[in-house]
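Per chain, numbering begins at 1; letters A, B, ... match sequence-line order.
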There are 2 protein chains.
Amino acid sequence: MPATRFEFLPTLRELVRTYQAFDAFSGSHIRTLGLTTPQFDVIATLGNTQGMNCRDIGQKTLMVKGTLTGVLDRLEQKGLITRISHPTDGRSTLVRLSPAGEELFARVFSAHLAHLEPVFALLGRETLETLRQHLEQLRHSLEKQSDPSSDQEDFSRERR
Amino acid sequence: MPATRFEFLPTLRELVRTYQAFDAFSGSHIRTLGLTTPQFDVIATLGNTQGMNCRDIGQKTLMVKGTLTGVLDRLEQKGLITRISHPTDGRSTLVRLSPAGEELFARVFSAHLAHLEPVFALLGRETLETLRQHLEQLRHSLEKQSDPSSDQEDFSRERR
DNA sequence: CGTATTTAGTACGAACGCGTACAATATGAT
DNA sequence: ATCATATTGTACGCGTTCGTACTAAATACG
């Protein structure tokens, strides 16, 4: 048993704290735009597309389908998206931005990126790239160790 | 306007994906132990202490007090913690592990760390330390840019 | 002393998030 | 063609998360 057994804990703790700090920073801005974070993610995903089914939206936004149903319900109620039955696959639903949704996307998407940009600009290009690589390494390690017998939805194979 | 304006997006996306991968990996193991992630966090925080009030637990676990009430309710219902009124401060509640909670903590805490250890061991000590530093840089940048007029509970000053 | 402010915890509503179960449709093997 | 199996989306329950409002107790201030 090495004496350094749990020296990963500070990194782990920092990962959680940083993610939560980002989520709070991003989410509070999105809230001022009248959306929640998952709702914004869906709008951002559907922007500049001809629509897609729930499965694809789930892969892009990292939401499980059960969660997505409720988010789409609320977006549909706000009149920002439309659900029509898929022309060729009877199981699928084609989700698309409504005109109001398109308008919101145009108004809100780049505004939010502009809100985030200065935060990351402070780190510098090389630090950002190194950080991304290390996070990716960690994620791959997590995915490798995941129990393969669990047959929940599997995002580990797709690299988008 | 630089052409590299939004080159932070891959890093941002990787942060979210990696955090979610960790959360899924850790959470699915905790679930097999009969707890949820926040419940485990509270048990782990109270382990090897003489108890603390809700404010301190919230700071350690990064939960807002409103959230904590519900988590503590369920832990109390399971008989894992006890709530007694604070001897000197009439506003406070002293939260402590019950004997059953102590037993669970002893059984579950190191088991969970042992489950996480090999994932992080793959990265190596230096990578882990660099990753931690970069995440910390990003978090500080986020906290610096946060709107100071928002008067929600402020964890930005404590460094534990 | 008495009032104002701060602090600790709870109550409540809305929205996630996940696991499980389920109905409807596709797909594949024989 | 038929039957087993897989995929798509929804329904539902439990637990969490946040924001806001509220009560009670402690502290500060005049």
Side-chain angles (χ1 to χ4, degrees), chain A residues 16 19-21 23-32 34-42 52-59 61-78 81 83-95 147 150-155, chain B residues 16 19-21 23-32 34-42 51-59 61-78 81 83-95 150-155:
Chain A
V16 175
Y19 174 80
Q20 296 200 350
D23 197 48
F25 181 77
S26 171
S28 75
H29 181 243
I30 287 175
R31 192 167 292 270
T32 68
L35 294 173
T36 66
T37 298
Q39 290 170 10
F40 176 85
D41 287 346
V42 170
M52 55 184 83
N53 62 18
C54 293
R55 179 178 146 277
D56 293 338
I57 298 175
Q59 284 185 350
T61 61
L62 307 177
M63 263 183 268
V64 198
K65 55 187 180 182
T67 305
L68 192 55
T69 299
V71 176
L72 293 179
D73 286 346
R74 285 175 283 272
L75 286 174
E76 194 176 23
Q77 212 164 13
K78 292 187 188 184
I81 63 164
R83 280 196 264 213
I84 60 177
S85 59
H86 196 285
T88 69
D89 190 333
R91 299 167 298 181
S92 281
T93 307
L94 194 61
V95 184
D147 182 8
S150 79
D151 51 10
Q152 64 235 29
E153 293 172 80
D154 188 355
F155 295 137
Chain B
V16 176
Y19 174 80
Q20 296 201 347
D23 198 48
F25 180 78
S26 171
S28 75
H29 181 243
I30 288 175
R31 192 169 292 267
T32 69
L35 294 173
T36 66
T37 297
Q39 290 171 10
F40 176 84
D41 286 347
V42 171
M52 54 183 81
N53 62 20
C54 293
R55 181 178 143 278
D56 293 338
I57 299 175
Q59 283 185 349
T61 61
L62 307 177
M63 266 182 266
V64 233
K65 56 186 180 182
T67 305
L68 193 55
T69 299
V71 177
L72 293 179
D73 286 347
R74 284 175 285 273
L75 285 174
E76 194 175 24
Q77 212 164 11
K78 293 187 186 183
I81 63 163
R83 283 196 261 214
I84 60 178
S85 59
H86 197 284
T88 69
D89 190 333
R91 300 166 299 181
S92 282
T93 307
L94 195 60
V95 184
S150 79
D151 51 10
Q152 66 235 28
E153 292 173 81
D154 186 355
F155 295 136

Any chance you could list the contact pattern along nucleotides 3-14 of chain D? Use B for base contacts, S for sugar-phosphate-only contacts and - for none, protein heavy atoms under 4.0 Å, 5' to 3'.
----BBBB----

Length of the [atom1]-[atom2] vector between [X] and [N], whole Å:
X        : N       : atom1 : atom2 : value
Ile57(B) : dG9(C)  : CD1   : P     : 8 Å
Asp23(B) : dT16(D) : CG    : C1'   : 11 Å
Asp41(B) : dT16(D) : CG    : C1'   : 12 Å
Leu35(B) : dG15(D) : CG    : C1'   : 13 Å
Gln59(B) : dG9(C)  : CD    : P     : 11 Å
Tyr19(B) : dG17(C) : OH    : P     : 11 Å
His86(B) : dA8(C)  : NE2   : P     : 11 Å
Ile81(B) : dG9(C)  : CD1   : C1'   : 13 Å

On DNA chain C, compare the nucleotides closest to Gly70(A) and Gly90(A); which residue's is nearer the 5' end?
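Result of the comparison: Gly70(A).
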
Quick one, [X] and [Y] - any side-chain contact, counting heavy atoms below 4.5 Å?
X        : Y        : result
Arg91(A) : Asn53(A) : no
Leu72(A) : Cys54(A) : yes
Asp73(B) : Arg83(B) : yes

Upstream residue (5' side of DNA chain D) when Thr36(B) and Arg31(A) are each assigned their closest nucleotide
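Counting from the 5' end, the first nearest nucleotide belongs to Thr36(B).
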
The criterion is side-chain hydrogen bond (donor to acceptor under 3.5 Å, both in side chains); which residues satisfy it with Gln20(A), sequence neighbours excluded?
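Listed in chain order: nothing, the list is empty.
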
Taking side-chain hydrogen bond (donor to acceptor under 3.5 Å, both in side chains) as the test, write out the residues that go with Thr61(A), two or more places apart.
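In terms of side-chain hydrogen bond (donor to acceptor under 3.5 Å, both in side chains), with neighbours along the sequence ignored, Thr61(A) is linked to no residue.
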
Of the listed nucleotides dT16(D), dC18(C), dC16(C), the one nearest the side chain of Val64(A)
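That would be dC18(C).
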
Is any side-chain nitrogen or oxygen of Gln20(B) closer than 4.0 Å to OP1 or OP2 of dG17(C)?
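For Gln20(B), the contact criterion (side-chain N or O under 4.0 Å from OP1 or OP2 of dG17(C)) is not met.
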
Just by distance, do the side chain of Ser28(B) and the backbone of Phe25(B) share a donor-acceptor pair under 3.5 Å?
yes

Distance from Leu35(A) atom CG to His29(A) atom NE2, nearest 0.5 Å?
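Reported to 0.5 Å precision, the distance equals 11.0 Å.
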
Just to be sure I understand the rule, does Thr88(A) reach a base, reach only the sugar-phosphate, or reach nothing, if contact means heavy atoms closer than 4.0 Å?
sugar-phosphate

